[in-house]
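Input: a single structure, listed below in structure tokens.
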Amino acid sequence: MKTPYVSDLKPNQVFSSIFLVHVKDVRQKKSGDPYLSLLLGDRTGEVEAKMWDNVADVISTFDRDDFVKVKGLLQIFQNRPQLTIHKMARVMESDVDFADYFPASERDPMEMFGELRAIVAGVGDANLRDLLNAFLDDEAVARMYRTAPAAKHVHHAYLGGLIEHVLSVCHLCQVAAAHYNFVDLDLLLTGAVLHDIGKVAELTYERSFGYSTEGQLLGHIVIGLRLLNEKLQRFPDFPAKLRVLVEHMIVSHHGELEFGSPKVPLFPEALLLHHLDNLDSKMECMRSMIARDRHVEGCWTGYNPSLERAVLKKARYLEDKPIDVTVAVDITEPARLLPPHPPEAPPAPQHQERHPPLTTSVFGEKLQQAWRKEP
């Protein structure tokens, strides 16, 4: 077993361990010499790393997605852990256990698949149930469904994340349909199971998580429609209008045109699926942000572009000592509840003449005489 993991690293500790290279950048010091800026990781998290010296000896020996053994010192820099690498060498794939380097769901994938099977078995509409089973009975699709992450970065970005996300959305569908009794639960569950089916081919996850060429060119919505069409070829009597509803739930589940859906949700089950999918992804995103945040001090995570905010680490916030609001008092003088002297009242306005003074010109004197004659 690999040791130590990223989560085991302690500040001011020199250690040796093997990591997967997530990011590799070659930068320049002020002197013009190169240095390496890396993001290293394993299944427990990531750590920023810098190699300042002897860079020329290793710069061309490894690349992104390679395994490297490093010896270095972990320090805190700008409130975040940063590894200073002293020595580094590439490690062959045959010398590592891949399970140590890729984050995975805490749940057993076969257990989750069995749970999904049970949900599908409970779908009352035979047409929809047979369609869903056609996907789950396809071992190639089922294997990818159990393994794939739900996203590259944003939410459930770990092996088994896709099926974990789908199960969560299915449970939310059951709760929501019990409240909104006009919703067709069979149709809603079908949308939940199939809305992200295209991700089995959109994402790559043999090493680091990324996008396949097909995923880059088409995206999971288009791929999902294609997979749906392939399965429906087996069911020539599948109701045409029901097919359109299932297709619409796939194409509209992102909710807005600017978020990648070619259509917005146009019936209750489609709208509900969008919001439940979005709710589950956002909640997992927040959970993951708090769990993996690398800030050493403070109650806030870093900024998350997908959520457009930082997140409060509530447990740390509640554990922190309350802010000291005690006011320093000079004990040599008695405390006063009121100022020692009341504020001075503003000066009373001076009496103003009814008419402004005029110059002593001939015209001015005559005008003053006319004013005096007024009643």
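None of these values were measured; they are calculated from a predicted model.
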Pairing of [X] and [Y] as salt bridge, 4.0 angstrom limit:
X: Arg316; Y: Glu297; answer: no
X: Glu48; Y: Arg80; answer: yes
X: Arg287; Y: Glu284; answer: yes
X: Lys231; Y: Asp138; answer: yes

Plane angle bin for [Y] and [X] - parallel if under 30°, tilted between 30 and 60°, otherwise perpendicular:
X: His195; Y: His165; result: perpendicular
X: Phe102; Y: Phe98; result: tilted
X: His248; Y: Phe267; result: tilted

Spacing of [atom1] belonging to [X] relative to [atom2] belonging to [Y], to within rounding of 0.5 Å:
X: Leu128; Y: Leu188; atom1: CG; atom2: CG; value: 11.5 Å
X: Arg309; Y: Thr301; atom1: CZ; atom2: OG1; value: 10.5 Å
X: Cys299; Y: Glu319; atom1: SG; atom2: CD; value: 9.5 Å
X: Leu232; Y: Asp130; atom1: CG; atom2: CG; value: 11.5 Å
X: Leu167; Y: Arg107; atom1: CG; atom2: CZ; value: 6.0 Å
X: Leu194; Y: Ile197; atom1: CG; atom2: CD1; value: 6.0 Å

Does the [X] side chain pair with the main chain of [Y], one donor and one acceptor, at a distance under 3.5 Å?
X: Ser281; Y: Asn278; result: yes
X: Gln216; Y: Tyr211; result: no
X: Ser212; Y: Leu203; result: no
X: Ser168; Y: Glu164; result: no

Is there a path of hydrophobic side-chain contacts, each under 4.5 Å between heavy atoms, that joins [X] and [Y]?
X: Phe15; Y: Val47; value: yes
X: Leu279; Y: Leu189; value: yes
X: Val26; Y: Leu83; value: yes
X: Leu217; Y: Ile250; value: yes
X: Ile59; Y: Val68; value: yes

Any side-chain heavy-atom pair of [X] and [Y] under 4.5 Å:
X: Val21; Y: Leu40; answer: yes
X: Lys313; Y: Ile290; answer: yes
X: Arg117; Y: Asp137; answer: yes
X: Leu116; Y: Val193; answer: yes
X: Phe19; Y: Val70; answer: yes
X: Pro81; Y: Leu9; answer: no
X: Phe62; Y: Leu36; answer: yes
X: Asp108; Y: Phe113; answer: no

Ignoring hydrogens, what is the shortest heavy-atom contact between [X] and [Y]? Give both atom names and the distance.
X: Gly302; Y: Met289; answer: O-CE, 3.5 Å
X: Ile163; Y: Met112; answer: CG2-CE, 3.6 Å
X: Pro4; Y: Asp42; answer: O-OD2, 4.4 Å
X: Leu20; Y: Tyr101; answer: N-CD2, 3.9 Å
X: Leu131; Y: Phe235; answer: CA-CE1, 4.2 Å
X: Ser252; Y: Ser261; answer: C-OG, 3.3 Å

(request) Run the numbers on Glu46 and His22 for side chain to side chain donor-acceptor pair (under 3.5 Å), then give the verdict. (result) CA-CA 8 Å; Glu46 298 175 323; His22 292 179; 2.7 Å; yes
(request) Starting from the C-alpha separation in whole Å, work towards a yes-or-no answer on side chain to side chain contact (heavy atoms under 4.5 Å, CB included) for Val123 and Asp186. (result) CA-CA 5 Å; Val123 172; Asp186 289 342; 3.7 Å; yes
(request) Please test Leu225 against Val251 for side chain to side chain contact (heavy atoms under 4.5 Å, CB included), starting from the C-alpha separation and ending with a verdict. (result) CA-CA 8 Å; Leu225 284 178; Val251 302; 3.4 Å; yes
(request) Report yes or no: do Asn229 and Arg243 form a side-chain donor-acceptor pair below 3.5 Å? (result) yes
(request) Answer yes if the side chains of His86 and Asn54 hold a donor-acceptor pair under 3.5 Å, and no otherwise. (result) no
(request) Please assess Ile221 against His253 for the test side chain to side chain contact (heavy atoms under 4.5 Å, CB included), listing each intermediate value before the final yes or no. (result) CA-CA 9 Å; Ile221 289 178; His253 78 269; 3.9 Å; yes
(message) Does Glu139 have more than 12 heavy atoms from other residues, nucleotides or ligands lying within 6.0 Å of its CD?
(response) yes
Which atom pairs, donor and acceptor, lie under 3.5 Å between side-chain atoms of residues 169-183 and protein residues at least two apart or in another chain?
unit_1 : atom_1 : unit_2 : atom_2 : d
His171 : ND1    : Gln174 : OE1    : 3.4
His171 : NE2    : Glu115 : OE2    : 2.6

(request) Show your working on side chain to side chain contact (heavy atoms under 4.5 Å, CB included) between Glu308 and Tyr303 and close with a plain yes or no. (result) CA-CA 7 Å; Glu308 298 181 330; Tyr303 181 82; 3.6 Å; yes
(message) Holding to side-chain contact (heavy atoms from CB on, under 4.5 Å), I want the full list of residues that pass it with Trp52, two or more places apart in sequence or in another chain.
(response) Lys29, Tyr35, Lys50, Thr84
(request) Applying side-chain contact (heavy atoms from CB on, under 4.5 Å) between Leu38 and each of Met88, Met51, Arg64, report the one that passes. (result) Met88
(request) Just jot down the salt bridge (charged side-chain N to carboxylate O under 4.0 Å, His left out) partners of Arg27, sequence neighbours excluded, or say none. (result) Asp25
